[in-house]
Amino acid sequence: MDVTSPATTGQVAEVLAATLGVDRERLTASTPLFGSLPELDSMAVVEIVVALEERFGITLDEEDITAEAFATVASLTELVAARQAA
């Protein structure tokens, strides 16, 4: 499976929507996240990391959790893709 496919971006958006309690339709690849969504606080980041690890069977390291990784849905999808390829 190509983890950078629109389907995978959609899966990342689904994890975000479920974790943050926001409407899935609000989230596209270019949706800004960190600093733009009031629902995305430090506790939500932890919950999102755990949900992404479970959904995609990956492990995210502490150094993976950066403002750049959480900049947009696309950047978060790229992080998931990088960890799956590792």
Minimal heavy-atom distance between E68 and S75, with the atoms involved, is O-OG, 3.2 Å
Do the side chains of L20 and L27 get nearer than 4.5 Å, heavy atoms only?
no
Tested for side chain to side chain contact (heavy atoms under 4.5 Å, CB included) against D64, the lone hit among L79, I58, V49 is L79
T28 versus V73: any side-chain heavy-atom pair under 4.5 Å?
no
Quick check: does any side chain N or O of D23 sit under 3.5 Å from a backbone N or O of E25, one acting as donor and the other as acceptor?
yes
Separation between CZ of R55 and OG1 of T19, rounded to the nearest 0.5 Å
10.0 Å
Please give me the minimum heavy-atom distance between V15 and A51, naming the atom from each residue.
CG1-CB, 3.5 Å
So, do T72 and T31 sit near enough that their side-chain heavy atoms are less than 4.5 Å apart?
no
I'd like to check the side chain to side chain donor-acceptor pair (under 3.5 Å) partners of D41; sequence neighbours left out, ordered by chain and number.
none
Step through the shown structure and confirm whether more than 12 heavy atoms of other residues, nucleotides or ligands are within 6.0 Å of CD on E62.
no
Could you check whether E78 pairs with R83 (Lys NZ or Arg NE/NH1/NH2 to Asp/Glu carboxylate O, under 4.0 Å)?
no
Beyond-backbone contact of L76 with T9, side-chain heavy atoms, under 4.5 angstrom
no
Any side-chain heavy atom of E53 within less than 4.5 Å of one from L60?
yes
Measuring from T77:OG1 to L52:CG, what's the distance to the nearest 0.5 Å?
8.5 Å
When you compare the side chain of L37 with that of F70, does any pair of heavy atoms fall below 4.5 Å?
no
